[in-house]
Amino acid sequence: MAQITRDLSVSLVPWRYKPLPADAMRGIVPQPVPGRSTKGEFSDEANSVLRRTLPAMLEMLDDSALAARGPIDPAELRTRLLAPQPDNHADRP
């Protein structure tokens with residue numbers, strides 16, 4: 001397993017957003033990404049994908065190998081998928 005050692009006094013600065021992952025991804029992701037100062041807000045896209053793929057996701061729960069082995073509860077997951085999703089727009093100015 002790889003391990004990263006980092007001087008936290010350099011990493012924990014209030015004017016940089018997630019400096020450790022940003023530094024680790026520099027040169028791998030497009031330049032504006034590691035330099036951003038906040039995280040993105042993608043709830044519109046996530047809700048659109050959920051609406052479009054919901055029937056297929058619910059169908060997959062009917063014979064889910066994960067459900068058969070116990071890590072997921074299909075009834076609970078179905079309830080959560082069918083419930084109204086949070087509106088993240090309320091936090092926007």
Side-chain angles (χ1 to χ4, degrees):
M1 176 188 287
Q3 180 176 346
I4 297 174
T5 303
R6 181 74 183 250
D7 179 359
L8 291 179
S9 66
V10 175
S11 299
L12 299 176
V13 292
W15 51 89
R16 288 194 60 206
Y17 180 71
K18 296 190 177 185
L20 186 59
D23 290 348
M25 298 303 291
R26 199 167 305 283
I28 298 171
V29 298
Q31 183 54 36
V33 175
R36 67 186 186 189
S37 61
T38 63
K39 64 181 180 178
E41 203 292 303
F42 303 100
S43 60
D44 289 339
E45 292 85 353
N47 288 333
S48 174
V49 169
L50 178 60
R51 282 190 302 275
R52 190 173 63 248
T53 61
L54 184 59
M57 290 192 300
L58 293 173
E59 187 177 317
M60 284 191 293
L61 291 176
D62 293 337
D63 62 350
S64 167
L66 288 175
R69 290 177 176 87
I72 65 168
D73 176 353
E76 177 66 22
L77 187 52
R78 184 179 302 274
T79 298
R80 289 178 183 256
L81 288 170
L82 292 171
Q85 301 302 306
D87 180 8
N88 292 325
H89 293 284
D91 295 335
R92 294 183 189 172

Item to complete: Could you grab the distance from atom CG of Leu58 to atom OG1 of Thr53, nearest 0.5 Å is fine?
Response: 9.0 Å

Item to complete: Mind jotting down which residue pairs meet the salt bridge (charged side-chain N to carboxylate O under 4.0 Å, His left out) criterion with at least one end in residues 48-71? Sequence neighbours excluded, please.
Response: Asp62-Arg78

Worksheet item: How about Leu50 and Met57: do any of their side-chain heavy atoms sit closer than 4.5 Å?
Response: yes

Discussion item. With a 4.5 Å cut-off on side-chain heavy atoms, are Met25 and Val33 touching?
Written reply: no

Worksheet item: To the nearest 0.5 Å, how far apart are CG in Asn47 and CG in Leu54?
Response: 11.5 Å

Fill in: Cluster link Met60 to Leu82, ILVMFWY, side chain under 4.5 Å
yes

Worksheet item: Is a side-chain donor or acceptor of Thr79 paired with a backbone partner of Ala75 at a separation under 3.5 angstrom?
Response: yes

Practice prompt. Taking all heavy atoms of Ser64 and all of Ile72, pick out the closest pair and write down the distance.
Written response: OG-CD1, 3.6 Å

